[in-house]
Amino acid sequence: MTISQAAENVCKVSNLATSKQETVNSIEKKVYVIGSDFAIKSQASLAAVTSYRVGGPAEWYAAPRNLAALEASVKYAKERDLSVTILGAGSNLLVSDRGISGLVIATRHLRHSHFDPQTGQLTVAAGESIPSLAWQAADLGWSGLEWAVGIPGTVGGAVVMNAGAHSSCMAQMLVSAEVLSPDGTLEILTPDQLGYAYRTSLLQGSDRIVTQATFQLKPGGDPALVAAVTKQHKQHRLSTQPYNFPSCGSVFRNPKPHSAGWLIEQTGLKGYQIGGAQVAQLHANFIVNRGGAKANDIFGLIRHIQQRVQDRWSILLEPEVKMIGDFQPV
């Protein structure tokens, strides 16, 4: 098995013996029921669960709601030698029009959070929304997450990619992360063990799945003041980045000394379009789906931007967006 990336109220997990089949549009779909409230499905559309609103189906798809179901999903893949792809909020991700082979595990339903006033630590499951946590912390007067209010993702993905904004990032506040290995082992890792660097960690491309994380915040502040700073960061994102069309957030990592957006804008690519995919007018490091875009339109635009920027500046922009599946040559 290969993998490309804890909740309470654990359910009992039965053997993978129960199955049902249904025919939709002449495509046979299978559902393997695990326990009473969890199933692994075949040929599940991924367009609806990705922020770009594009992409083909998952060969197999699971959306566990607790740790036991997540472990059962990993076991299912291991027993069948299936590759595993982890899907959080579906942001920072471009899924091929041909879909994804193996098992796609969506962790967005792994939800729980605990604010410990004694330690100032916040422990959260992988599926929790980063913006929602920022607002929850602000309401309590806990500072440290104001910068993250505009990060369109979940805790799991943010930990793996070392998400950041406004000169802050996950590595600066992470205490530890709980990860699940393919053999079912749960392990607690520190930031040093995760090998954090700019927008990356040793978890990227590994076979371990983040189940939950603990962050160090600063409790005891004035909720109104913390909320004001959080709102300021949110307004900055809304005024400088396009939110009126589907996107994945920033497409490229920022090279030094210039930002990717500046390089793309100076190359004259703002507004350039392939199919339904367009370089955003508001921020050139965003590619938006103007309507009806295919994943291959976006992929082709990414390659076009890379080529044009390299031709002019001798800089090869490195994608921040994760591209999964087979893409047609452009």
Side-chain angles (χ1 to χ4, degrees), residues 45-56 87-97 106 108 128-135 138 145-154 157-158 161 163-166 168 199 227-254 259-306 308-309 317 319-324 327 330:
S45 173
L46 295 175
V49 293
T50 60
S51 61
Y52 258 135
R53 299 295 184 260
V54 300
L87 184 69
S91 59
N92 198 45
L93 185 70
L94 178 61
V95 175
S96 164
D97 295 315
R108 67 180 63 201
E128 289 285 352
S129 162
I130 295 295
S132 294
L133 288 173
W135 285 117
L145 265 178
E146 298 93 325
W147 61 272
V149 69
I151 302 295
T154 59
M161 71 168 289
H166 306 290
S168 298
R199 300 294 180 268
V229 176
T230 304
K231 184 177 180 180
Q232 183 180 13
H233 285 311
K234 180 65 174 179
Q235 290 300 323
H236 175 77
R237 302 280 285 201
L238 290 174
S239 64
T240 59
Q241 299 179 3
Y243 286 92
N244 53 332
F245 294 105
S247 79
C248 73
S250 296
V251 175
F252 299 101
R253 291 184 169 92
N254 289 318
S259 70
W262 186 88
L263 291 169
I264 298 167
E265 181 174 355
Q266 294 304 309
T267 308
L269 290 173
K270 266 191 173 181
Y272 187 87
Q273 191 162 336
I274 295 179
Q278 182 188 62
V279 178
Q281 295 282 2
L282 186 61
H283 194 310
N285 197 19
F286 280 63
I287 293 176
V288 294
N289 180 354
R290 295 277 303 185
K294 299 293 185 182
N296 219 58
D297 295 337
I298 300 169
F299 177 77
L301 191 49
I302 289 173
R303 291 292 182 254
H304 180 77
I305 292 169
Q306 287 179 308
R308 288 284 303 277
V309 170
L317 292 178
E320 185 173 313
V321 58
K322 185 176 182 181
M323 293 174 278
I324 302 179
F327 290 87
V330 292

Take W135 and K231, measure what side-chain contact (heavy atoms from CB on, under 4.5 Å) needs, and give me the verdict at the end. CA-CA 9 Å; W135 285 117; K231 184 177 180 180; 4.1 Å; yes
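To the nearest 0.5 angstrom, L87 atom CG is 7.5 Å from T50 atom OG1. One finds the CG atom of L317 at 9.0 Å from the CG atom of N254 (value rounded to the nearest 0.5 Å). A distance of 11.0 Å separates CD1 in I287 from OG in S250, rounded to the nearest 0.5 Å. Taken from CG in N92 to NZ in K322, the straight-line distance is 9.5 Å, to the nearest 0.5 Å. A distance of 10.5 Å separates CG in N296 from CZ in R303, rounded to the nearest 0.5 Å. Atoms CG and CZ, on N289 and R53 in that order, are 9.5 Å from each other to the nearest 0.5 Å.
Looking at residues two or more places apart in sequence or on another chain, you find a salt bridge (charged side-chain N to carboxylate O under 4.0 Å, His left out) between R253 and E318. Residues satisfying the salt bridge (charged side-chain N to carboxylate O under 4.0 Å, His left out) test with K234, not counting sequence neighbours, are none.
With a 6.0 Å radius and a threshold of 12 heavy atoms from other residues, nucleotides or ligands, Q281 has its CD atom above the threshold.
A 4.5 Å side-chain heavy-atom check between M161 and E320 finds at least one atom pair inside the cut-off. The side-chain heavy atoms of H283 and R237, taken from C-beta on, include no pair separated by under 4.5 Å. Using a 4.5 Å heavy-atom cutoff, the side chains of I302 and V321 are in contact.
Ring geometry, F299 versus F327: the interplanar angle falls under 30°, so the pair is classed parallel (tilted spans 30 to 60°).
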